[in-house]
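Below, all heavy atoms of this structure are taken into account, side chains as well, without hydrogens, waters or symmetry copies.
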Amino acid sequence: TATALALEHNLDIKPIIFDERTKWQLTAGTAGINLQAEAIRALNKLGISTTSLIQAGNAIKKQSYYCPDGRLVSTLDKEIGNHTAKNGPIIPGQIAIHEGILAQMLLDTAASKGIKVMTSHRVAKVTSNTATQISVGVEEIQSCKENEMCDNQWIRKHKYDGAMLIGADGIDSSVRKQNLQHCPKQCLKRDHGMTQYCGVARRCSTFLDGSTMILVGGLNVKLVVYPISSPDARGMQDVNWLVEIKDDKVMMDSASTATATATGILELLVDNGFDLDFLDIATLVNATESIISRRMADLEPLDSWTKQCIGLVGDAAHAMLPVGSSGTTAALLDALAIGEAFEKSGPVPVPDILRLYQSMRYEDVSNKHHRNRLMPAEQVMQEVLDNVPSAQQVPTVYAERIRAAMKPLHQGGPMME
């Protein structure tokens, strides 16, 4: 949707969005998402204001790192940054928001600009791809009810001709697998030996100041918690949490229940000494209706994100480990870069424009992809856990190292709209 908005803005392009999910699936969401300053500024350019993002989510003031026993190691101030313009509201360093709410905001913006969004449609096959035109076969999937999938699906097939196809279909992108790679599928995605469990606890008691994101633990077991809505009059807010486990022992399978999974997660946290006096972790996890699990994986770097009139953006091109919210930011910057490439290029063939887009983004994305694999803050936190006894105060040198490690991923700070 972001790419479609970027192409529509000041360009004579009328994109169509195909998404195999139903509208309910697209906007329901299961987790929170962090928008760094660069991502917020990108959304501003796409027509979504900072004010609306803050009203729908929560402006994060601090990002704090803790040992499992509650010792504070480091804090990043998300309100301090460079003010590069004299007028206009300040863009905060970070906004946390429910992913479904952000998806709805993007869809509403697309609708206001007349962009056609076709949910329950998937690109099944590229039937022709030349330097001047592309033809795709699209399958329309219809199910029993809007809010669930069932066995009584039936499929209608359509053909669409256009100037280009942009694959924005995630780490398991079918557009990429079918059209841009020649190596076996297993060589495209790298599993990093960790499982992540996450969920959103609704209307929970505010912790700390109600606008702080916490990261607790190191490389083996990590807990991340942050509020994705502002506190209401009773001091209640929606809170996103995730637990990341190396060599997982809790892994859900098709027979697992949310209750059993929550129990296993909490037992593992207790076994690893997680005990925070400012946060009731058990209440948070048990208040979560839907807990999802996913393996921590990224893509091995691709040689190219384009082929004739096909281009890839976001996770389809360069899925990264979720460190510093880099994936979200990268996807939004990809969208802006495609729009900018069209504006700069003038009347040249689409393949040339897509190659320009790739040249604009490839180096920056590659650097962030590499840094994310290093997991710099987690490395420092693991050193603290390995070297600083629980009864001892954590030396300030670790705080400085975390701030230095995270600066490249969070650089920019608050900017001006």
Side-chain angles (χ1 to χ4, degrees), residues 30-32 63-75 191-202 204-208 212-227 239-297 321-323 372-395 398-399 401-402 405:
T30 54
Q63 183 168 305
S64 296
Y65 293 79
Y66 288 88
C67 294
D69 58 11
R71 286 174 296 163
L72 178 63
V73 177
S74 185
T75 293
D191 189 307
H192 289 263
M194 297 176 286
T195 302
Q196 192 178 88
Y197 298 90
C198 60
V200 173
R202 301 286 187 179
C204 293
S205 297
T206 296
F207 68 95
L208 295 176
T212 293
M213 174 178 177
I214 64 168
L215 298 92
V216 189
L219 291 172
N220 297 321
V221 183
K222 180 177 72 174
L223 170 70
V224 179
V225 185
Y226 54 91
V239 177
N240 186 84
W241 62 269
L242 66 88
V243 173
E244 198 173 283
I245 304 166
K246 189 174 182 179
D247 299 325
D248 178 49
K249 299 178 182 178
V250 188
M251 174 68 77
M252 291 192 297
D253 57 34
S254 58
S256 297
T257 66
T259 301
T261 303
T263 299
I265 291 170
L266 291 172
E267 287 177 352
L268 188 141
L269 292 176
V270 170
D271 290 344
N272 283 272
F274 280 70
D275 184 15
L276 305 175
D277 59 9
F278 57 83
L279 179 67
D280 187 340
I281 301 173
T283 297
L284 194 69
V285 174
N286 287 322
T288 304
E289 290 185 6
S290 177
I291 298 175
I292 64 170
S293 70
R294 55 195 175 205
R295 293 293 287 176
M296 293 284 286
L321 290 181
V323 176
N372 284 11
R373 282 188 170 180
L374 296 176
M375 304 187 75
E378 287 83 352
Q379 293 279 2
V380 177
M381 287 298 298
Q382 191 61 48
E383 287 186 40
V384 173
L385 300 182
D386 292 341
N387 300 321
V388 183
S390 58
Q392 183 177 318
Q393 185 175 354
V394 179
Y398 291 107
R401 287 178 58 195
I402 286 177

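The two residues L385 and P68 make their nearest non-hydrogen contact at CD2-CD, 3.5 Å. Contact detail for F207 and T212: the closest heavy-atom pair is CZ-O, 3.5 Å. Among all heavy-atom pairs drawn from T195 and S293, the shortest one is CG2-CB, 4.3 Å.
With sequence neighbours excluded, the residues that form a salt bridge (Lys or Arg N to Asp or Glu O under 4.0 Å) with D69 are R71. For D280, the salt bridge (Lys or Arg N to Asp or Glu O under 4.0 Å) test picks out no residue, with sequence neighbours left out. With sequence neighbours excluded, the residues that form a salt bridge (Lys or Arg N to Asp or Glu O under 4.0 Å) with E383 are R401.
At a cut-off of 3.5 Å, with distance as the only test, a side-chain donor of T75 or S64 sits close to an acceptor on the other residue.
For the atom pair NZ (K246) and CG (N220), the distance works out to 5.5 Å, reported to the nearest 0.5 Å. Separating the OG1 atom in T263 from the CG atom in N286 is a distance of 6.5 Å, to the nearest 0.5 Å.
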* Asked: Can L374 and Q379 be said to form a side chain to side chain contact (heavy atoms under 4.5 Å, CB included), step by step?
  -> CA-CA 8 Å; L374 296 176; Q379 293 279 2; 5.7 Å; no

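When side chains are defined from C-beta on, F274 counts as touching V216, because their heavy atoms get closer than 4.5 Å. Taking the side chain as every heavy atom from C-beta outward, I291 and C198 never approach each other to under 4.5 Å. Looking at F278 and I214, their side chains come closer than 4.5 Å, going by heavy atoms from C-beta outward. Residues P395 and V388 have side chains in contact (heavy-atom distance under 4.5 Å, counting atoms from C-beta outward). V243 has its side chain within reach of L269: a pair of non-hydrogen atoms, C-beta onward, lies under 4.5 Å apart. Counting heavy atoms from C-beta on, the side chains of W241 and L279 never come closer than 4.5 Å. Between T283 and C204, the closest side-chain pair of non-hydrogen atoms is not below 4.5 Å. Using a 4.5 Å cut-off on side-chain heavy atoms (C-beta onward), E244 and V221 make no contact.
Applying the 6.0 Å contact sphere to CD of Q393 captures no more than 12 heavy atoms from other residues, nucleotides or ligands.
Salt-bridge formation is detected for the pair K222/E378: a Lys NZ or Arg NE/NH1/NH2 atom is positioned less than 4.0 Å from an Asp or Glu carboxylate oxygen.
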